[in-house]
Amino acid sequence: MNLPARVRVTRPPLPLAPALKAAASRLCPDAPDALTGAALAIAGGGVIGAHLRWDGGEAANVETGWRGRGIEEALAQTVSG
């Protein structure tokens, strides 16, 4: 994956810690609490992207200023991984 230098993508353990849950909910507000998978993009200590899966659905979003830099693809690969 060829990501911007400051960005890392991770698959955190579930259930998400409260701070990560709040950040993921901000990016994907329709996601339920019961997730089956999650991948988060982090830059400068903040969550800038999320790809969340649950039984029957999924949602993904990246902050506007970070879109189109390969982060969406990295999130999709990581959540599937």
Side-chain angles (χ1 to χ4, degrees):
M1 289 179 259
N2 207 8
L3 295 172
R6 297 177 14 207
V7 177
R8 68 181 174 93
V9 174
T10 185
R11 191 167 57 182
L14 296 176
L16 293 176
L20 295 179
K21 181 178 184 245
S25 294
R26 177 180 54 82
L27 289 163
C28 302
D30 295 333
D33 288 339
L35 299 175
T36 59
L40 303 176
I42 300 170
V47 176
I48 59 156
H51 191 129
L52 308 175
R53 286 194 175 154
W54 59 90
D55 287 335
E58 66 183 283
N61 193 13
V62 174
E63 287 184 0
T64 305
W66 291 96
R67 291 182 187 154
R69 299 183 185 189
I71 298 168
E72 296 90 338
E73 294 83 1
L75 287 167
Q77 283 182 343
T78 302
V79 79
S80 296

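Note: hydrogens, waters and symmetry copies are ignored here, and every other heavy atom, side chains too, is used.
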Visitor: Leu40, Val9: one ILVMFWY side-chain cluster at the under-4.5 Å cut-off?
Guide: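 Different clusters.
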
Visitor: I need the minimum non-hydrogen distance between Gly68 and Glu72, along with the two atoms involved.
Guide: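 Between these two residues, the closest heavy atoms are N-OE2, 3.3 Å.
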
Visitor: How long is the straight-line distance from CD1 of Ile48 back to OG1 of Thr64, given to the nearest 0.5 Å?
Guide: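 Interatomic distance, Thr64 OG1 to Ile48 CD1, rounded to 0.5 Å: 11.0 Å.
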
Visitor: Hydrophobic clusters here meaning ILVMFWY residues chained together by side-chain heavy-atom distances under 4.5 Å, can you tell me if Val7 and Leu20 are in one?
Guide: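 Cluster IDs for Val7 and Leu20 differ.
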
Visitor: Any link between Leu16 and Val47 through a network of hydrophobic side chains (Ile, Leu, Val, Met, Phe, Trp, Tyr) touching at under 4.5 Å?
Guide: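 Same cluster: Leu16 reaches Val47 through Ile, Leu, Val, Met, Phe, Trp or Tyr contacts under 4.5 Å.
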
Visitor: One pair to check against side chain to side chain contact (heavy atoms under 4.5 Å, CB included): Lys21 and Asp33. What are the steps and the verdict?
Guide: CA-CA 8 Å; Lys21 181 178 184 245; Asp33 288 339; 2.9 Å; yes

Visitor: Does a sphere of radius 6.0 Å around CZ in Arg8 hold more than 12 heavy atoms from other residues, nucleotides or ligands, not counting ones at 6.0 Å or beyond?
Guide: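 For Arg8, atom CZ is not crowded (no more than 12 foreign heavy atoms under 6.0 Å).
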
Visitor: Report, as yes or no, whether the 6.0 Å neighbourhood of atom CZ on Arg67 holds more than 12 heavy atoms from other residues, nucleotides or ligands.
Guide: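 Buried by this count: over 12 neighbours within 6.0 Å.
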
Visitor: At their closest point, which heavy atom of Ile71 faces which heavy atom of Trp66, and how far apart are they?
Guide: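 What the structure gives for the nearest pair is CD1-O, 3.6 Å.
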
Visitor: Could you walk me through whether Ser80 and Arg53 pass side chain to side chain contact (heavy atoms under 4.5 Å, CB included), step by step?
Guide: CA-CA 9 Å; Ser80 296; Arg53 286 194 175 154; 3.2 Å; yes

Visitor: Just do the side chain to side chain contact (heavy atoms under 4.5 Å, CB included) check on Thr78 and Thr10 with the steps written out, would you?
Guide: CA-CA 7 Å; Thr78 302; Thr10 185; over 6 Å; no

Visitor: Do you know the tightest heavy-atom contact between Leu52 and Ala24?
Guide: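 Nearest heavy atoms, Leu52 then Ala24: CD1-CB, 4.0 Å.
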
Visitor: Identify the two heavy atoms, one from Trp54 and one from Leu35, that lie closest to each other, and give their separation to 0.1 Å.
Guide: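 The pair with the smallest heavy-atom distance is CE3-CD2, 4.1 Å.
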
Visitor: Provide the closest heavy-atom pair for Ala41 versus Leu75 in the form atom of the first, atom of the second, distance.
Guide: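 Heavy-atom minimum between the residues: N-CD2, 3.6 Å.
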
Visitor: Same cluster or not: are Leu3 and Ile42 linked, directly or through other Ile, Leu, Val, Met, Phe, Trp or Tyr residues, by side-chain heavy atoms under 4.5 angstrom apart?
Guide: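 No, because Leu3 and Ile42 fall into different hydrophobic clusters, even though each may have its own neighbours under 4.5 Å.
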
Visitor: Looking at every heavy atom in both Ala38 and Pro12, which two are closest together, and how far apart are they?
Guide: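 Smallest heavy-atom distance, with atoms named: O-CD, 3.5 Å.
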
Visitor: For the hydrophobic clusters of this structure (ILVMFWY residues joined by side-chain heavy atoms under 4.5 Å, transitively), does one cluster hold both Leu14 and Val79?
Guide: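 No, Leu14 and Val79 fall in different hydrophobic clusters.
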
